[in-house]
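Below is one structure, written out as structure tokens; the observations come after it.
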Amino acid sequence: MNASRVAIVAGGRTYTYDDLDRASQQAAAALLAGTDDLHEARVAFLVPPGFEYAAVQRGIWRAGAVAVPLATSHPPPELEYVIRDSAAAVVVGDPGSAGVLAPIAAAAGARFASTTELLEGNAGAGGQAGPEALPHLGPSRRAMIVYTSGTTARPKGVVSTHANIGAQIAALVEAWEWTPEDRLLLALPLHHLHGIINGLGSALAVRATCEFLPAFDPLTVWDRFGSGEITAFTGVPTMYQRLIAAWEAAPPAAQRAGSEGARRARLMMSGSAALPLRTLVRWRDITGHTLLERYGMTEMCMVLSNPLHGERRPGFVGTPVPGIEVRLVDESGAIVPEGMPGEIEVRGPAVFLEYWQRPEDTRAAFRDGWFRTGDVAVLEGGAYRLLGRTAVDIIKTGGYKVSALEIEEMVRTHPAIAECAVVGLADEEWGERVAAAVELRPAATLSLAELQDWAKARLAPYKVPRALRVVEALPRNAVGKILKPAVASLFGASDNARGPERRDLGGRETQISH
Ligand code: MLC
Ligand code: AMP
């Protein structure tokens, strides 16, 4: 097994698979606190990308609990929502987050545990449990809940079992030929599957090396490409756009070093949002890589992928990854002929178990055992091309899925606002940008900056409106329903202005195999 292989590089340190095994066992023992199994209790954890994240995630699994990743960028109300909705029994945070997390945990009736407590041996009763004392992890057990926004006002918890996660990772290892010789540079957040499964999970499953950046920083990424050590990279289109801008602004010697190093990588991938053709072409000019674009979703991870070997067709997302079945259907559920648009439905062992404690939503998400993605595609020449979504109230910004309904619900609680409508505006850098049109209360005024300052304390940064229109009356149809396309057309080129606007305007396994 070669436990001395490097598993993780983070914060200037290297950690072997042995280190990871020991630390996750320690974390499991601390979480178990003398009991023999956490029996799918939810453990929410807020740990920045790095060795501690991986150790805590695995420790939660090894203790028989369900891992609920929290987002480092989220303000307290978003963290509280996830902790309460998942009914977390334990909340884990690095010492820096204790001031925020401990009171939230206490109010929600959960125990707060710091990463120091979990990983540095102050484990209390049962803290020294060996691997034989860790519980059985049958594949059908719940393993993880990842919160995703959608057509409901508040985010839903997507529950995956160990079998789901195993199938998701196995598909990617096969499709993209991960090997122990890979060294992944990971700059994605770790509260979504792109970072958790496509990144960390795939690298660790084959005993490759995962090198973390604490946050996405284009110059650091170029510096690491320049080293020639990185074999694999995956990101959202916004990241590639920023990398291109940083390369273009760099001196020629740095450009050369970055490009030459990047050429030595074997695989560069893009996903979570549509890759603009211009970005694909420019990236190919700069690095020689035709980005491998793929399509996925939190509910089952990857669905379609351009080929690792062979032609990657710009604008297409390829064919089903191993183990995933895909069909395109019309509104009645009938399969559409090739060349006709249809909603993507998906089936296979990677598909999630349920939305956490939302049986109605879970039932509605499936048709005859097929998961209804809400994405529309067409099959042309043997490959799929995405056309859009069935729901208008879903916005993709910077690779994050956000719900217009959720933002509206929050914005409506602003004291100056009587009514609002949120839409996504096409945007070169972000894919879509969140924009709010509002009717104000009598005599109230509101600037974009004021709305943003207020919203930042309540919503994730990527849900905060980036444009504001104050109107006398929102566009409505005859029965009073707000017309979203008409709302979108209220916005023009000057929407970044921030001045005030007025109203008058199975088995006994203890080893994690994934
Ligand atoms: C941040 N900003 C935004 C924004 N997000 N502005 C508009 N729209 C957004 N969505 C603002 C910040 O508030 C800040 O403004 C300024 O941009 C610069 O911030 P930053 O810190 O440099 O940006 P950053 O937060 O780093 O965001 C860029 C990013 C990030 C691309 C790194 O969006 C990101 O990590 N995206 C990945 C999301 C992801 O993992 N999705 C996978 C979902 S799973 P100011 O005014 O404060 O300076 C999935 C399945 C699948 O979809 O298929 O993969
Ligand atoms: P999430 O719910 O955050 O997992 O986001 C999943 C959604 O991201 C999908 O339903 C798609 O709408 C979108 N998506 C993922 N990959 C792509 C892609 N390559 N092109 C366009 N949209 C994508």
Side-chain angles (χ1 to χ4, degrees), residues 49 69 71-74 146-151 155-156 158 168 172 186-199 213-218 221 234-243 245-246 269-276 280 291-306 314-318 321 343-344 346 352 371-377 384-391 394-403 407 424-425 427-435 448-449 452-453 455-456 459-467 495-496 498:
T72 51
S73 64
H74 282 188
V146 169
Y147 277 77
T148 184
S149 293
T151 46
K156 295 183 291 234
V158 174
Q168 293 166 1
L172 302 194
L186 188 53
L188 284 157
L190 290 179
H191 63 296
H192 283 301
L193 292 213
H194 195 162
I196 299 171
I197 303 290
N198 296 33
L213 294 183
F216 174 71
D217 171 57
V221 172
T234 182
V236 299
T238 307
M239 288 178 168
Y240 287 104
Q241 272 144 10
R242 289 208 179 164
L243 286 168
M269 296 176 280
S270 174
S272 307
L275 177 65
L280 179 142
L291 287 169
L292 184 154
E293 185 172 9
R294 86 310 174 278
Y295 155 78
M297 204 170 176
T298 304
E299 282 81 345
M300 79 299 283
C301 201
M302 293 304 103
V303 177
L304 299 163
S305 171
N306 271 288
F316 284 73
V317 285
V321 299
E343 182 181 351
I344 303 175
V346 176
F352 76 125
F371 175 72
R372 310 167 70 172
T373 63
D375 290 305
V376 178
Y384 290 86
R385 188 160 62 85
L386 293 171
L387 299 174
R389 290 184 291 266
T390 55
I394 290 175
I395 300 169
K396 261 273 161 159
T397 179
Y400 286 111
K401 182 154 95 175
V402 306
S403 160
I407 301 170
L425 304 179
D427 184 88
E428 209 155 295
E429 183 179 6
W430 298 101
E432 288 179 286
R433 215 154 38 101
V434 175
L448 176 59
Q452 289 180 328
D453 286 346
K456 271 180 196 159
L459 292 168
Y462 40 88
K463 298 176 186 170
V464 171
R466 305 288 154 176
D495 287 320
N496 288 320
R498 289 166 64 98

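One-based numbering, in listed order, for ligands and for the atoms of each. These values consider heavy atoms only, across backbone and side chains, with no hydrogens, waters or symmetry-generated copies.
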Identify which one of H74, K396, K401 satisfies the side chain to side chain contact (heavy atoms under 4.5 Å, CB included) criterion when paired with Y462.
H74
Counting only heavy atoms, tell me which of K456, R294, H194, Q241 gets closest to atom 53 (O) of ligand 1.
R294
Using the side chain to side chain contact (heavy atoms under 4.5 Å, CB included) criterion, which residues pair with P237? Sequence neighbours excluded.
S270, A273, L275, P276
Quick look: S272 vs ligand 1, heavy-atom contacts under 4.0 Å, and the answer is both
Nearest 0.5 Å, please: how far is CG in L280 from OH in Y240?
10.5 Å
Min side-chain heavy-atom separation F352-M297 under 4.5 Å
no
Protein residues that have a heavy atom under 4.0 Å from any atom of ligand 2, sorted by chain and number
T148, S272, A273, A274, E293, R294, Y295, G296, M297, T298, V317, D375, L386, K396, K401
Assess whether side chain to side chain contact (heavy atoms under 4.5 Å, CB included) is satisfied between D375 and R389, documenting all intermediate values.
CA-CA 4 Å; D375 290 305; R389 290 184 291 266; 3.3 Å; yes
Considering the heavy atoms of K396, write down every atom of ligand 1 situated less than 4.0 Å from one of them.
49 (C), 52 (O)
Are the side chains of L193 and Q168 in touch, meaning some heavy atoms are under 4.5 Å apart?
yes
E432 side chain near V402 side chain, heavy-atom distance below 4.5 Å
no
Please determine if T298 has a nitrogen or oxygen closer than 3.5 Å to a nitrogen or oxygen of ligand 1.
no
For ligand 1, which part of R242 has a heavy atom less than 4.0 Å away: the side chain, the backbone, both, or neither?
side chain
Side chain, backbone, both or neither: C301 near ligand 1, heavy atoms under 4.0 Å:
neither
Does some side-chain heavy atom of M302 sit less than 4.5 Å from a side-chain heavy atom of I197?
no
Among all residues two or more places apart in sequence or in another chain, which pass the salt bridge (charged side-chain N to carboxylate O under 4.0 Å, His left out) test with E343?
none
Taking distance alone, with N or O pairs closer than 3.5 Å, would you say F216 contacts ligand 1?
no
Answer yes or no: does an N/O atom from R433 fall short of 3.5 Å to an N/O atom of ligand 1?
no
Could you pull out the closest heavy-atom pair between T373 and I344, with the gap in Å?
OG1-O, 2.7 Å
Polar contacts were defined as any N/O atom of the residue lying under 3.5 Å from an N/O atom of the ligand; does this apply to Y295 and ligand 1?
no
Quick one: does L190's side chain get under 4.5 Å of P69's, heavy atoms only?
no
Please confirm whether G399 comes within less than 3.5 Å of ligand 1 when only nitrogen or oxygen atoms on both sides are compared.
yes
Give yes if a backbone or side-chain nitrogen or oxygen of T238 is under 3.5 Å from a nitrogen or oxygen of ligand 1, and no if not.
no
Quick check: do R294 and N198 have side-chain heavy atoms less than 4.5 Å from each other?
yes
Ligand-side contact atoms (ligand 1) for residue partner H192, heavy atom cut-off under 4.0 Å
42 (C), 43 (C), 44 (S)
By salt bridge (charged side-chain N to carboxylate O under 4.0 Å, His left out) - contacts of K156 (at least two apart)
none
Close-contact set for ligand 1 against T397 heavy atoms, below 4.0 Å
8 (N), 9 (C), 10 (N)
Can you tell which of Y400, W430, Y240 gets a heavy atom nearest to atom 17 (O) of ligand 1?
W430
Tell me, do S305 and L292 make a side-chain contact under 4.5 Å, heavy atoms counted?
yes
Return yes when Q452 approaches ligand 1 closer than 4.0 angstrom through a heavy atom, no otherwise.
no
For atom 36 (N) of ligand 1, the option (of G398, P461, A460, S73) bearing the nearest heavy atom:
G398
Report the part of E429 in contact with ligand 1, treating N, CA, C, O as backbone and CB onward as side chain, heavy atoms under 4.0 Å; options are side chain, backbone, both, neither.
neither
For L188, take its heavy atoms, then give the atoms of ligand 1 lying under 4.0 Å from any of them.
40 (O)
Are the side chains of H192 and V146 in touch, meaning some heavy atoms are under 4.5 Å apart?
yes
